[in-house]
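The block underneath contains the structure these notes are about, expressed in structure tokens.
One-based numbering, in listed order, for ligands and for the atoms of each.
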Amino acid sequence: MRGYFGKKTATAMALMATTSMAYANDVEVLHWWTSGGEAAALNVLKDDLAGQNIGWQDMPVAGGGGTQAMTVLRARVTSGNPPTAVQMLGFDITDWAMEGALADLNGVASDGGWAEVVPAALQQFAVYEDQWVSVPVNVHSTNWVWANKAIMDELGLSEPQTWDEFVAAMQAAQDAGYVGLAHGGQPWQDATIFDGVAMGVGGPEFYQSAFVDLDEDALGSDTMKEAFDRMGVLRGFVDDNFSGRDWNLASAMVINQEAAFQVMGDWAKGEFLNAGKVPGEDFLCFRLPGSQDQVTFNSDQFAMFSQGDAVSAEQAALAEAILSPSFQIAFNKVKGSVPARTDLDASDLDACGQRAYEEFRAAAASGNLYGSMAHGHANPAAVKNAMYDVITAHFNGEFDSATAVEELVTAVDIAK
Ligand code: BGC
């Protein structure tokens with residue numbers, strides 16, 4: 001059964017499901033949710049679709065930030081065999097929409113009243129030239145710290161309020177024989193930390209000018225140098241085996257009380273929850289000191305690839321399921337993110353999630369959501385990757401901070 005008629009209502013779809021309607025096709029979903037916490041969240045979606053008799057073909061491509069997944073996607077589309085639905089971030093969605101590869105979701109969007117509940121900062125990517133081309137699953141933010149509470153209690157540490165207090169806390173942990181900062185040396189992870197560090201040093205105007213507007217003065221400023229200096233400080237608290245380590249293994253170091261802190265997006269919370277850990281009891285969440293009042297966000301969206309004709313019934317059902325209120329709460333509770341729609345009661349989320357949802361809603365209402373540079377919400381992939389290269393080279397000691405600033409200006413200039 002193919003073709004979605006915009007007038008098909010949620011009730012009609014539910015009726016089709018309960019009468020065990022046979023969908024002609026499975027959905028094939030390309031994604032990079034391969035860690036324990038991510039897989040648990042994905043199961044919420046698989047179960048939801050199974051309840052509608054829609055089969056699931058899994059197409060996982062490991063690699064946080066999705067760089068590898070996007071390479072596989074390009075190969076699939078080039079060979080004329082695009083997956084049904086693809087996890088995607090920010091400007092990657094826009095790029096595929098510009099190529100005309102994405103199915104038109106306007107029918108299902110208008111039935112679901114998406115325009116009223118999805119904030120403008122997400123619609124910027126989900127809607128291309130008045131056409132809904134993707135459906136937001138969640139909202140993550142990158143400027144979080146995850147802390148082992150037992151270590152903090154043992155060392156008499158309270159939640160650091162300033163950058164200096166955070167450095168002192170990592171130092172105290174290191175002095176006591178713990179790893180101060182759990183980190184995996186991969187470019188996207190280095191860049192994820194840089195999101196919060198740069199926001200903390202320069203504030204939102206600087207972040208916007210440097211990462212979104214690519215203003216040369218901001219990119220080449222003393223403020224940027226200070227951000228690199230802080231990255232150097234963080235590097236001093238990372239253990240010797242950090243190179244190439246996956247982000248979830250770094251989370252495990254905090255979970256297992258080997259390390260005191262991890263600076264990572266709130267997908268890390270999914271790992272803590274999956275390990276049975278409780279926020280406030282076993283671990284703490286707080287925004288990277290210096291960036292407390294800001295949200296550097298990224299939203300996982302599912303783009304549906306055109307399968308030759310109108311959006312298929314399976315694609316429409318998947319899209320509708322994803323933005324339904326019950327799914328948004330059930331999924332995001334497990335994933336560590338918050339709902340992508342702003343009209344929900346969040347009392348079911350844990351303490352970190354409730355706080356993140358309130359901060360997201362407030363930032364959305366006041367126009368203060370800042371797209372994550374590291375996760376493709378500030379600029380297209382070419383610029384993002386150029387920034388990754390410089391940030392990682394500096395983190396690995398190839399450049400001092402002054403050189404990194406110069407390299408950043410040059411790399412961005414070439415890439416944009
Ligand atoms: C995605 C998250 C994912 C993380 C690590 C981010 O780019 O937005 O959903 O958990 O990468 O894989």
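Taking every non-hydrogen atom of His140 and a distance limit under 4.0 Å, the qualifying atoms of ligand 1 come out as 2 (C), 8 (O), 9 (O). Listed by number with element, the atoms of ligand 1 under 4.0 angstrom from any heavy atom of Gly64 are 5 (C), 12 (O). Each of the following atoms of ligand 1 lies closer than 4.0 Å to a heavy atom of Trp247: 5 (C), 12 (O). Heavy-atom proximity to Asp300, at under 4.0 Å, picks out these atoms of ligand 1: 1 (C), 2 (C), 8 (O), 9 (O).
Side-chain N/O atoms of Ser251 and Asn248 include no donor and acceptor closer than 3.5 Å. Under the 3.5 Å distance criterion, with hydrogens and angles disregarded, a donor-acceptor pair is assigned to the side chains of Ser337 and Asn138.
One finds a salt bridge joining Arg74 and Glu99 here, because a Lys/Arg side-chain nitrogen approaches an Asp/Glu carboxylate oxygen to under 4.0 Å.
The six-membered or imidazole ring of Phe399 lies away from that of His394, with a centre-to-centre distance of 6.0 Å or more.
Of all the heavy atoms of Asn298, the ones lying under 4.0 Å from any atom of ligand 1 belong exclusively to the side chain.
Considering backbone and side-chain atoms together, Lys335 places an N or O closer than 3.5 Å to an N or O of ligand 1. The shortest N or O to N or O distance between His375 and ligand 1 is under 3.5 Å. Ligand 1 has no N or O atom lying under 3.5 Å from any N or O atom of Leu89, backbone or side chain. Checked by distance only, ligand 1 and Glu38 come closer than 3.5 Å through their nitrogen or oxygen atoms.
Taking the six-membered ring where tryptophan is involved, the planes of Trp146 and Phe283 are tilted, since the angle between them lies from 30° to 60°.
For Gly66, the heavy-atom gap to ligand 1 stays at 4.0 angstrom or more.
No cation-pi contact links Arg341 to Trp114, judged by a cut-off of 6.0 Å to the six-membered ring centre and 45° from its axis.
Distance alone, capped at 3.5 Å, is enough to place a donor-acceptor pair between the Gln123 side chain and the Val118 backbone.
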